[in-house]
Student: 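Mind having a look at this structure? Questions to follow.
Ligands are counted one by one from 1 in listed order, and the atoms in each one are counted from 1 as well. Residues take their numbers from the sequence shown, with the count starting at 1. Quick caveat: nothing in here was measured; it's all calculated off a predicted structure.
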Amino acid sequence: MKPEEIMALDKQYVLHTYARAPFVLERGEGVRLYDTEGRSYLDFVSGIAVNALGYGDPDVLQAINQQAARMIHVSNFYVTQPQAELAKMLVERSFADKVFFCNSGAEANEAAIKFARRWAQTHFGPGKTDFLGFSGAFHGRTMGSLALTPRPHYQDPFLPLMPGAKFATYNDLASAEQLLDDHTCAVIVEPLQGEGGINPATPEFLQGLRRLCDERGCLLIFDEVQCGLGRTGTLWAHEPYGVAPDLMTLAKPLAGGLPMGATLVAKAVADCVQPGDHASTFAGSPLVASVARVVLQKIASPEFLAHVRWAGEYLGGALAELQRKHNHITAVRGRGLIWGIETDLDVSPMIEAGYERGLITCKAGPNIVRLVPPLVVQQADLDQAIVILDQVFGLA
Ligand SMILES: *Cc1c(COP(=O)(O)O)cnc(C)c1O
């Protein structure tokens with residue numbers, strides 16, 4: 001089929017909830033994607049920070065093939081080895097004591113919302129049901145996670161959402177302190193905001209939130225759906241801050257591109273959750289869990305994380321140089337392999353110009369170009385991306 005025919009089908013039959021790129025993708029290899037006309041693109045989106053190992057990782061493929069032949073899905077009525085082992089691996093590498101599996105980032109946050117309320121109800125009775133979130137946050141598009149994503153454009157057509165959501169200013173501890181009260185059961189925060197414009201939390205902010213939550217008797221939830229699992233150069237984005245949450249949500253890269261989310265919980269929360277409190281038909285299937293075992297094993301290795309830190313320093317240095325060269329770049333922010341180039345322009349034309357030169361990037365807000373390449377990206381790939389970005393900003 002010709003690309004125009006495929007795009008016509010998409011236009012006619014797929015519900016229009018996305019603005020699509022003007023090409024049809026056919027296959028990927030390493031850090032590159034190929035469209036139906038054989039054009040190649042350096043992929044600095046990675047399926048939105050999902051494809052940490054790039055395309056065609058042989059160990060991921062082997063896990064898929066072996067497990068698919070054996071048993072894809074059985075439901076959570078039954079115990080399977082891949083899921084049990086994956087839970088152990090996540091617990092051993094984190095603050096957590098137990099893991100709940102689900103199928104996406106939004107679902108992981110919905111589970112965190114329910115477990116936080118369950119904890120509060122167990123210990124304090126009814127009434128302690130509110131959540132404190134932050135400006136610029138993104139936690140998903142379902143009714144609970146959307147209620148904690150303070151963007152009128154996303155929320156307004158779908159009101160009313162989950163009640164009891166309050167918002168303080170990101171990186172402003174005093175604003176959080178003012179809003180926290182006896183009705184708050186949990187604070188939810190991204191240690192590094194992704195969709196909101198690649199904003200890292202300050203140490204004082206994250207450490208202060210931990211202290212506030214302890215003082216006021218509420219839970220701290222870290223949403224590491226985008227920034228977790230090696231993206232920032234440490235396995236968890238919160239590691240360098242020296243604070244641990246009570247719950248943490250994961251998804252995007254967890255199962256190598258297959259849909260999987262996870263809500264990690266400390267014992268105090270786990271102890272309040274009873275059989276029947278929450279469930280999912282598909283979650284943690286032997287297939288996705290087998291792949292996630294491979295992904296986690298690889299990403300958590302010290303050599304792999306050292307590579308991400310090295311690549312991040314290198315890319316950050318090159319982006320700082322780009323900023324000195326181009327007046328329209330007002331800031332570059334990031335850590336590891338998640339970076340935002342903030343401009344004083346709408347970046348859509350620059351992203352289109354990148355496509356024409358073989359580079360795929362995306363936005364994080366209207367004026368920020370987001371770079372989230374596969375974590376296996378090499379120096380030559382980073383150099384090529386910088387050359388193209390330099391050309392693209394030269395047009396502005
Ligand atoms: C993408 C994202 C989500 C939502 O994940 P979905 O899998 O799209 O539901 C939640 N939180 C953060 C920080 C994200 O980046």
Side-chain angles (χ1 to χ4, degrees), residues 15 17-19 44-52 100-116 131-151 154-155 158 161-162 165 167 170-171 186-201 206 209 220-232 236-238 245 247-264 280 282-284 288 291-292 295 333-340 361-365 368 370-373 375:
L15 190 63
T17 66
Y18 305 99
F44 271 45
V45 173
S46 313
I48 321 183
V50 167
N51 303 320
F100 175 81
F101 290 108
C102 53
N103 310 287
S104 70
E107 277 187 45
N109 285 326
E110 292 295 331
I113 290 167
K114 287 182 73 174
F115 298 155
F131 290 85
L132 181 67
F134 294 95
S135 58
F138 183 86
H139 298 299
R141 306 290 204 130
T142 53
M143 288 309 208
S145 63
L146 182 58
L148 298 170
T149 299
R151 292 197 218 183
Y154 290 178
Q155 289 187 345
F158 309 107
L161 306 169
M162 173 184 77
F167 298 96
Y170 193 70
N171 276 337
V187 174
I188 183 165
V189 64
E190 295 157 83
L192 182 150
Q193 289 185 333
E195 311 288 319
I198 321 299
N199 305 310
L206 229 49
L209 287 180
L220 182 59
I221 305 169
F222 286 165
D223 179 342
E224 294 219 8
V225 167
Q226 184 155 174
C227 63
L229 288 161
R231 180 56 57 185
T232 64
W236 314 122
H238 67 264
L247 302 96
M248 176 168 71
T249 55
L250 302 175
K252 287 186 165 86
L254 181 54
L258 297 181
M260 179 176 231
T263 307
L264 279 59
S280 164
F282 286 115
V288 290
V291 178
V295 172
R333 285 188 299 273
R335 202 166 83 231
L337 285 170
I338 178 163
W339 287 85
T361 63
C362 66
K363 299 201 269 192
I368 297 175
R370 174 172 26 170
L371 307 177
V372 280
L375 303 182

Student: Check each atom of ligand 1 against the heavy atoms of A106 and keep those under 4.0 Å away; list them by number with element.
Tutor: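 Result: 4 (C), 5 (O), 6 (P), 9 (O).
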Student: Between A251 and ligand 1, is there a nitrogen or oxygen pair with a distance under 3.5 Å?
Tutor: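 Checking ligand 1 against A251, no N or O pair falls under 3.5 Å apart.
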Student: Can you list the atoms of ligand 1 that are under 4.0 Å from a heavy atom of S104?
Tutor: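 It comes down to these atoms of ligand 1: 7 (O), 9 (O).
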Student: If you count the atoms of ligand 1 from 1 in the order shown, which ones are under 4.0 Å from a heavy atom of E190?
Tutor: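 Counting atoms of ligand 1 from 1, those under 4.0 Å from E190 are 13 (C).
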Student: Within the 4.0 Å heavy-atom shell around K252, which atoms of ligand 1 are there?
Tutor: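 In order of numbering, the contacting atoms are 1 (C), 2 (C), 3 (C), 14 (C), 15 (O).
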Student: Does the Lys NZ or Arg CZ of R151 fall within the cation-pi geometry relative to F138 - under 6.0 Å from the ring centre and within 45° of the axis?
Tutor: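 Pair R151/F138 does not count as cation-pi.
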Student: Give a yes or no on whether atom 8 (O) of ligand 1 lies under 4.0 Å from any heavy atom of the protein.
Tutor: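 No, no protein heavy atom sits under 4.0 Å from atom 8 (O) of ligand 1.
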Student: Of the non-hydrogen atoms in S104 and A251, which two are nearest, and what is the gap between them?
Tutor: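 What the structure gives for the nearest pair is C-CB, 3.7 Å.
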Student: Just distances here: any N/O of G105 and N/O of ligand 1 closer than 3.5 Å?
Tutor: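 Between G105 and ligand 1 (N or O atoms, distance only) the closest approach is under 3.5 Å.
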Student: Do the charged groups of R231 and E224 touch, with an N to O distance under 4.0 Å?
Tutor: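 Between E224 and R231 there is no salt bridge, as every charged N stays at least 4.0 Å from the carboxylate O atoms.
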Student: Determine whether a donor-acceptor pair (N or O, by modelled atom type, separation under 3.5 Å) exists between the side chain of E190 and the backbone of G194.
Tutor: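 Judged by distance alone, yes, a pair lies under 3.5 Å.
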Student: Please say which of T249, I188, L206 ends up in a side-chain contact (heavy atoms from CB on, under 4.5 Å) with F222.
Tutor: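 Answer after filtering T249, I188, L206: L206.
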Student: Considering non-hydrogen atoms of the protein only, which is the closest contact for atom 11 (N) of ligand 1, and what is the distance?
Tutor: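 For this ligand atom, the closest protein heavy atom is D223 OD2, 2.7 Å.
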Student: For the OG1 atom of T17 and the CZ atom of R141, what is their distance to the nearest 0.5 Å?
Tutor: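 Reported value, rounded in 0.5 Å steps: 8.0 Å.
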Student: Run the numbers for me: atoms of ligand 1, each under 4.0 Å from some heavy atom of N109, listed by number.
Tutor: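 Atoms satisfying the 4.0 Å criterion: 10 (C), 11 (N).
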Student: Among D223, I221, N109, find the one that has a side-chain contact (heavy atoms from CB on, under 4.5 Å) with L247.
Tutor: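 The passing option is I221.
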Student: Counting each atom of ligand 1 from 1 as listed, which ones have a heavy atom of Q226 under 4.0 Å away?
Tutor: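 The atoms of ligand 1 under 4.0 Å from a heavy atom of Q226 are 15 (O).
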Student: Answer yes or no: does an N/O atom from G140 fall short of 3.5 Å to an N/O atom of ligand 1?
Tutor: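 In fact, backbone or side chain, G140 has no N or O that close.
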Student: Examine F100 together with F115 and report whether their ring centres are nearer than 6.0 Å.
Tutor: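 Ring-ring flag for F100/F115: true, centres closer than 6.0 Å.
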